[in-house]
Protein chains: 4
Amino acid sequence: MVRSERKEREFNTRRAEILEQAEKIFASKGFHDVTMAEIAGASGFSIGSLYQFFKGKEHLYSTMISEKIDLMYQKIHQEVKSAKGLIDQIDALIEAQLHFVDNNADFCRIFLRGENEALSKMMTSNREQLINDYYQHISFIEKILKSGIKNGLLRSLPPRDLANALSHLIRAASVDWLLMPSKESLSLKRKFILDIFLHGAQKHN
Amino acid sequence: MVRSERKEREFNTRRAEILEQAEKIFASKGFHDVTMAEIAGASGFSIGSLYQFFKGKEHLYSTMISEKIDLMYQKIHQEVKSAKGLIDQIDALIEAQLHFVDNNADFCRIFLRGENEALSKMMTSNREQLINDYYQHISFIEKILKSGIKNGLLRSLPPRDLANALSHLIRAASVDWLLMPSKESLSLKRKFILDIFLHGAQKHN
Amino acid sequence: MVRSERKEREFNTRRAEILEQAEKIFASKGFHDVTMAEIAGASGFSIGSLYQFFKGKEHLYSTMISEKIDLMYQKIHQEVKSAKGLIDQIDALIEAQLHFVDNNADFCRIFLRGENEALSKMMTSNREQLINDYYQHISFIEKILKSGIKNGLLRSLPPRDLANALSHLIRAASVDWLLMPSKESLSLKRKFILDIFLHGAQKHN
Amino acid sequence: MVRSERKEREFNTRRAEILEQAEKIFASKGFHDVTMAEIAGASGFSIGSLYQFFKGKEHLYSTMISEKIDLMYQKIHQEVKSAKGLIDQIDALIEAQLHFVDNNADFCRIFLRGENEALSKMMTSNREQLINDYYQHISFIEKILKSGIKNGLLRSLPPRDLANALSHLIRAASVDWLLMPSKESLSLKRKFILDIFLHGAQKHN
DNA sequence: GATGAATGAGCGTTCATTCAT
DNA sequence: GATGAATGAACGCTCATTCAT
């Protein structure tokens, strides 16, 4: 039916609106200090309506988290894929992730709080999904680096560990920036991250 | 008075017992899903007794976190200070931190839901203390690396960024290990971390 | 909207029902020995519902007190205003107050444990309101007596003190009656109060 | 034994010390906001010791109240008895009671709060004792007034009601004074009370 | 479908009282 | 006798979820 298609479009629009408002509120106050009434008010829906879109508060929260993170992964992978050559791909990876953090500071700060413990409760399925997505992301990086090793551009180190290292070097800069109020744009760290990842800290003569 | 000395010893023993049990429980369930009654039961005290040692649930939690973290910093700094030479010091730093994670996996997992300093849950004073301690730790690493730059052993990069990078490379391995149930000892990553930090991933001809 | 009008009517009905039950319970057990669960049970609402009508236990209590007292003042003033002549007005005042006590014995007994204004239990704003209302009531009596002095019907004594005296003579009879279980109607004291207030106890030859 | 006599003297001294401190604290904070630990601290005894003198908090409180009130009655009766002639006796009654209120304002203010509801709980025996003492006091006044009637000095009105009236006229002035912060000495009301009680408010030609 | 009033389980905390020392 | 640490029952309040309208 055509009608049901429109309905579904509308459904998705409303759902997205709720998620958008929920993100803002959760980002600013954490999980436990937010009430369903608050989200209902901010998104212009009634409390009851929220339950047509999400099974409950936890579901709403974890959906918001995982959809946003998936979006991040998507963007990153897209940027990386459109880059040519190993170094450029790594650079694109760094740039894309820093860019996301830069533009979603409040959201990212959620992870500096202890709030995603919410996920540890009932939402095991969602939590596992999140970890799974993370692994996939790491695997994605791993694959790139593996090809670098194959090409002889990178040293022959365990690719999984390399991927982890690269990922956390980006995170290092991000966390530092998130904790510090008002500093220069996070993108300035891009070169440093690439440099330290490729060449290390030691001076070579 | 001799008597008050014994009392104080007993007081500290009991306090430590509570903290030990609280750590286990908080580690497995987070902050909000734990009740004072649960901690009381596990530690063999009455609910009321808990309040002779801690001002409330938050205080108990934040005390547990910060005392444990301070212990980690102490151990690390101690190990590093007893090492001679830049490389050995960095190695000691890595080893000491991996060792702590290895021996306190449950505790560390708290931080997988919540970053290094974990939390809005803490009374501001305690939270600030914790952040302060973290900064001091980073500064400690920074100082070592700075001397390495001075000596010409390390490249002339921003020492603060280097310290951050090193710290997160250790974290990278730790997180990977913490997420994976049952693997080899975390210490095996020691050499890799040192290697990647010093020489980077790129092959140099 | 018509709808909201009905809702409001319902809201007020429910609110009044709670207050009515709360009055009975508070009157019989005081403030501290009453639980919200008890009031909820007696009034046929859930605990949570109580909080839709009142901010908390204190608010419920002080609202009950002050609304009832205001009602008493209203009735008294109304009766007095519809009387003509000084003596009749004083008589109406006595009669109206005795009548209220007669019909609200349990409520009034609250004040035998705690004076006219009853309480530290109230939010300051409400407490002040209550004291203010009391002063207004005394002023109301004062005004009547003042006109009696002007007319030469009453002796030239401080009107405020006279008002106080009259008010407490009524109280004297009320307290005596409230403390004695099962006696004749309180209204029988009406003549005595008027007599003693006007002519005093001494025999004049 | 002589020894047990000294013991008893000591016991009574300590008991009185506790009651004295308890009065101050209860007077300033009411019943429920005072802890046994607070009284113990203020009176220089341990918590446990308090229970050697009183069965519990309520017992301590009600004992303090009734002993103090009994003291008041004693003083009043004593003053009255040493006065000669009806009018002087009534005057002594008024003066003695105003004097007590003047010197024990904080204590008296307890009764303007709703705290003696404490007595409504378990301490039925004590509460009854208190009411009984009150009745005895009223009876004492009644007897004096009755003799006045017999002598033809007072009008032939129900002596019990007269006693009540006189008692509450004194109370009227006391309450007014207690509620007002900083005013002239309460004793100034003495003449007014006597005057209004004897002659009433109406002008007689 | 949409609403939001009603529900009631759940928890942190206090403090009078007890009792081992 | 004196102490004060230990006990644990008790209660106000919140808020996710439901369901009658």
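Here is how names work: the chains are called A, B, and so on, in the same order as the sequence lines, proteins then strands, and each is numbered from 1.
Searching all strands for a Watson-Crick or G-U wobble partner of dA16(F) with both distances below 3.5 Å returns dT7(E).
The CD atom of Gln21(A) sits 11.5 Å away from atom CE of Met64(A), with the distance rounded to the nearest 0.5 Å.
Considering only the side chain of Thr35(D), dA16(E) comes nearest among dT17(F), dG12(F), dA16(E). Nearest to the side-chain atoms of Gln52(C) among the listed nucleotides dA6(E), dA16(F), dT18(F) stands dA6(E). With dA6(E), dT14(F), dT18(E) as the choices, the nucleotide that has an atom nearest any side-chain atom of Tyr51(C) turns out to be dT14(F).
Between dA5(F) and Arg14(B), no contact under 4.0 Å exists linking OP1 or OP2 to a side-chain N or O.
What separates CE of Met36(A) from C1' of dT7(E) is a distance of 16 Å, to the nearest Å. Here the P atom of nucleotide dG8(E) and the CD atom of Glu38(C) are 18 Å apart, to the nearest Å. A straight line from OH of Tyr61(B) to P of dC11(E) spans 17 Å, rounded to a whole angstrom. Between the CZ atom of Phe31(A) and the P atom of dT14(F) there is a distance of 18 Å, given to the nearest Å. When rounded to the nearest whole Å, the span between NE2 of His32(A) and P of dG12(E) equals 11 Å. Residue Leu50(D) contributes atom CG, which lies 12 Å from atom C1' of dA2(F) at whole-angstrom precision. For Phe53(D) and dT17(E), the CZ to P distance is 17 Å, given to the nearest whole Å. Rounded to an integer number of Å, the gap from NZ of Lys29(A) to P of dT14(F) is 14 Å.
Ile39(C) places none of its side-chain heavy atoms less than 4.5 Å from the side chain of Phe45(C). Annotation: side chain of Arg9(D) is in contact with side chain of Arg6(D) (closest heavy-atom distance under 4.5 Å).
Closest-nucleotide positions on DNA chain E for Val34(B) and Ser46(A) were compared, and the one nearer the 5' end corresponds to Ser46(A). Mapped onto DNA chain F by nearest heavy atom, Phe11(D) and Lys57(A) fall at different nucleotides, with Phe11(D) at the one closer to the 5' end.
Among the heavy atoms of the strands lying under 4.0 Å from Ser49(C) is at least one base atom, whether or not backbone atoms are also near. Gly56(A) comes within 4.0 angstrom of sugar-phosphate atoms only, judged by non-hydrogen atoms across all strands, and of no base. Using a 4.0 Å heavy-atom criterion, one finds that Phe45(A) contacts no nucleic acid atom at all.
When all heavy atoms of Ala22(B) and Leu60(B) are compared, the closest pair comes out as CB-CD1, 4.2 Å.
Ring centroids of Phe54(C) and Tyr61(C) are separated by 6.0 Å or more, keeping the two rings apart.
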